[in-house]
Each structure stands twice: as structure tokens, then as C-alpha cells.
Amino acid sequence: MQYYSTNGDSSKVSLQEAVVHGLASDKGLFMPEVIPTIPKAFFNNIAEMSLQDIAYVVANTLFGQDIDSKTLKNIVNETLNFDIPLVNVEGNKYSLELFHGPTLAFKDVGARFMARLLGHFNQRKGEDVVNVLVATSGDTGSAVANGFLNVPGVRVFVLYPKGKVSHIQECQFTTLGANITALEVNGTFDDCQALVKSAFMDKELNEKMQLTSANSINVARFLPQMFYYFYAYAQLAKMGKPLDKIVVSVPSGNFGNITAGLIGKKMGLPIKRFIAANNKNDIFYQYLQTGEYSPRASVQTIANAMDVGAPSNFARILDLYKNSHEAISAEISGCTYDDNQIAETLKETYQKTGYLLDPHGAVGYRSLLEGLNDDEIGVFLETAHPAKFKETVENIVGEKVAIPSKLAAFMKGQKSTVKMTSSFASFKKYLMNI
Ligand SMILES: *Cc1c(COP(=O)(O)O)cnc(C)c1O
């Protein structure tokens with residue numbers, strides 16, 4: 001399968017090139033040339049299939065031409081070595097719990113898949129190590145670092161702003177060792193991102209070493225996220241629920257997660273409609289209302305992983321629906337909630353049902369409370385474990401939130417970082433000498 005750029009100004013590339021380069025040379029995002037459909041028969045016995053088996057069928061439909069089946073099966077099984085249960089919260093509303101992976105957030109799925117795919121391509125080429133540079137304000141760094149941990153032929157450098165990530169987050173990428181190096185930058189997140197960008201543009205560095213980025217624009221990170229939409233359907237089928245009125249609500253920031261679901265639907269997954277749930281960074285919501293896409297600076301909220309002012313995957317949604325505002329609005333509705341509404345939903349849901357949401361999941365759940373019809377089945381993506389936002393959640397519910405043992409284990413490790421100023425000269429010198 002070939003991949004084209006949403007900007008349309010560069011030639012099509014192979015899966016390998018799309019994964020290794022991340023962004024097209026015309027700065028567009030890669031999209032699969034064909035969206036293949038899965039035979040209807042697959043859905044007849046999906047209720048009996050495991051997450052791994054379902055994911056393999058989906059992965060094989062997308063990537064089967066480019067990766068041999070044994071390798072692909074291994075990649076899928078290693079990626080999904082944890083469950084993604086669908087849990088009833090109340091009535092016809094279900095939580096798809098995406099927080100059972102190593103860093104307790106949905107990004108584990110894409111990061112683990114991409115890491116293994118990159119490792120495979122690199123081994124096949126028999127080339128030097130691939131160096132993954134990732135700037136993080138918290139969550140992405142931990143998912144990427146843990147996803148790439150001990151993957152042969154890949155080395156990861158996580159750049160993070162000193163003193164500006166939470167203690168739990170810092171532990172998740174500074175205690176790993178092996179092929180993961182944490183660079184503690186004396187500066188802001190923007191400084192970290194600027195260092196990474198400068199490195200990708202530096203000719204001398206790129207001649208010396210192979211550099212790659214691992215953010216959500218990468219096809220190998222966003223496409224595998226569709227696996228769990230199919231698995232949610234399978235679990236509803238197993239429960240004997242009606243399958244023709246499924247509504248999925250996705251707490252959205254950069255819109256990679258929801259785009260994966262939309263492509264899943266195009267491949268044949270029977271989802272009736274989607275809700276893109278926003279916090280106050282409601283650029284997409286405004287687009288749905290007005291037809292105008294107006295990116296703007298992000299504002300800080302308690303659902304901070306969705307604080308995005310220019311959602312990068314918007315270009316993919318436009319491409320998927322051929323720029324038709326009408327077609328997009330027919331399939332996706334929007335909503336936007338402020339911090340008070342998010343906190344209120346989190347608190348009331350806990351008091352009423354005993355289910356503890358995280359602030360991002362709360363945005364998704366509220367959209368179902370307000371917008372789901374009685375004859376529909378609502379699924380919202382619970383994108384992270386509430387303990388990842390311990391202080392915020394404790395303040396809202398007025399109770400202690402227990403830290404899962406997986407998260408606690410990170411906190412026992414020894415922190416090890418390389419200290420760095422925010423000057424590119426020193427970063428470059430460091431990379432040239434490793
Ligand atoms: C990244 C993230 C999101 C937003 O996902 P997108 O794919 O960027 O829309 C939502 N919730 C959590 C917890 C996240 O880490």
C-alpha cells in the first residue's frame with residue numbers, strides 16, 4: 001500500500017517511508033491510498049474473538065501487503081499485551097477503558113505498535129540505529145519511552161522541561177535506562193520542541209545519524225488506535241446489545257484517536273455516529289458550527305492532554321470527507337465543556353455510580369449524558385487512568401485516589417537524566433558525540 005500526502009504536493013511513499021519520515025516532504029500528513037473494507041462475515045463471529053485476533057485482522061487488512069504475516073502477528077500481540085475492557089457505567093452508557101497498558105493511557109497502543117514496526121523495518125534494512133527524538137510536556141514522553149523500551153535498533157531521547165512535568169510523569173521516562181535517555185532541559189516545553197525541530201533540520205546531524213519523530217502525525221501511531229473500536233463493538237456483540245445504533249464519543253485534542261475510529265468505520269465497522277468531545281479548546285466544535293476552521297492559541301484546562309489549539313489531524317478528517325463540511329457534520333457532532341462542567345461530571349458520576357472518571361473521560365461521558373438517545377448505545381473512550389491526574393481528581397471528589405501498582409513501580413526506580421541547556425549548539429554537540 002502506498003501513502004499520499006494530504007497536501008498533495010509530494011509523491012506517494014511506501015509504509016516504511018511514511019513511518020520513518022513521519023511527515024511528508026510537503027509538510028502534509030500521510031494517508032493510506034486505499035481504505036480497504038473488511039468482509040461483512042468478519043462481524044458475524046467477532047464476539048468470539050480475542051482483542052489480539054481482532055486487531056490482527058484489522059492490521060492485516062491495512063498493512064498485510066507490506067509486512068509478512070508472522071511479523072505482523074508478533075507486533076500486534078506484543079503491542080496488545082493488556083486488556084481493553086468495555087465497562088458499563090450506567091444504563092446504555094459504557095466506558096472503553098484504554099488505561100490498562102504500561103503507562104495507563106491510550107497512547108500506549110499507538111506507541112507500542114510504532115516502536116515495533118520501526119524496529120522491524122530497521123532490522124530488515126540492517127542499518128544503524130534509528131534515533132527517536134520526542135519532546136514532551138508529560139504524557140507522550142512516557143508512552144513513547146515505554147513503548148520503545150528494549151526495542152532493538154532504536155534509541156529514544158525524551159526532551160522535557162525541567163520542573164514542569166508532574167512527579168509521576170517524570171518517573172515514567174527517567175527511570176527506564178536501557179535504550180531510553182531522558183534529557184532534562186532547562187527551559188519550557190516550547191524550548192524542547194524547538195530543539196527537536198532544529199535537529200530534524202540540521203544537515204550535519206542528519207548525515208551522521210538517522211533521526212525520527214514519534215508523535216501522533218505518524219501513521220504507525222494513529223492507525224493502530226482503530227483496533228479498539230472494533231473490540232468495543234465485539235464486546236457489545238458479546239453482551240447481546242443492539243449493534244446498529246452505536247454512538248462513540250472521543251475526548252479529542254489532536255484528533256488522532258477519533259480519526260482512527262472514522263477510518264475504522266470506512267473499513268466497515270458499523271458505528272452509527274461519533275461525538276468529538278472538546279474542553280474549552282473547541283476549535284473543532286466551532287468548525288462544526290460555522291464551517292470555518294480557525295486555529296488559535298490553546299488555553300490550559302484540567303483535561304490538559306486535550307489543550308490543543310491547532311489539531312494536527314484535522315487535515316486528515318478534511319481529506320477523508322473531501323473537504324465537505326456537510327459530510328463531516330453528518331457523521332460527527334461536537335460539544336465543548338469548561339473546567340467547572342468537567343469537574344461537576346466527574347464528581348456527580350462518582351457519587352451516583354461509583355465510577356471514577358479521569359478529566360478527559362469526563363468530557364466524553366458528559367457528551368453521552370447530554371446527547372445520547374434512549375434507543376442508542378453510547379461508548380466513550382476513557383483515555384487515561386484517573387490516578388495520572390491524582391491531585392486534580394482528589395480535589396474534585398474529596399477522596400484519596402489509589403495509585404495502581406504499575407504506576408507506583410515507576411516511582412521506585414532511580415531517576416537518571418542528562419542535563420541540558422536550551423541552546424541548540426549544546427544539544428547538537430551532545431548528539432554528535434554519542
Ligand atoms: C492524547 C490524549 C487525548 C487526546 O487524543 P488525540 O488523539 O490527540 O485527540 C485525550 N486524553 C488523553 C488522556 C490523552 O493523553
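Numbers here are sequence positions counted from 1. Both ligands and their constituent atoms are indexed starting at 1 by order of listing.
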Checklist entry - Does an N or O from K107, backbone or side chain, lie closer than 3.5 Å to an N or O of ligand 1? => result yes
Item to check | Sub-6.0 Å ring centroid separation between Y365 and Y355 | outcome: no
Checklist entry - Do H385 and F99 make the cut of ring centroids closer than 6.0 angstrom? => result yes
Checklist entry - Does A384, backbone or side chain, put an N or O under 3.5 Å from an N or O of ligand 1? => result no
Checklist entry - Using the benzene-type ring in the case of Trp, are the ring centres of F63 and F113 under 6.0 Å apart? => result yes
Next on the checklist: Closer than 4.0 Å to some heavy atom of G256 - which atoms of ligand 1 meet that?
Outcome noted: 6 (P), 7 (O), 9 (O)
Checklist entry - Does an N or O from T383, backbone or side chain, lie closer than 3.5 Å to an N or O of ligand 1? => result yes
Item to check | F389-ligand 1 polar pair, N/O distance under 3.5 Å | outcome: no
Next on the checklist: Does ligand 1 come near enough to F255 that some N or O of the ligand is less than 3.5 Å from an N or O of the residue?
Outcome noted: yes
Checklist entry - Could an N or O of ligand 1 be found under 3.5 Å from any N or O of Q225, whether backbone or side chain? => result no
Checklist entry - Does D53 pair with K73 as a salt bridge, N-O distance under 4.0 Å? => result no
Checklist outcome for this item: Within 4.0 Å of some non-hydrogen atom of N257, the atoms of ligand 1 are 7 (O)
Next on the checklist: Quiz question: by atom type and distance under 3.5 Å, do the side chains of Y160 and Q169 form a donor-acceptor pair?
Outcome noted: no
Item to check | Check: H360 ring centre within less than 6.0 Å of F389 ring centre | outcome: yes
Next on the checklist: So for F106, does at least one of its heavy atoms come nearer than 4.0 angstrom to any atom of ligand 1?
Outcome noted: yes
Item to check | The single option from N278, I283, V250 passing side chain to side chain contact (heavy atoms under 4.5 Å, CB included) against F255 | outcome: N278
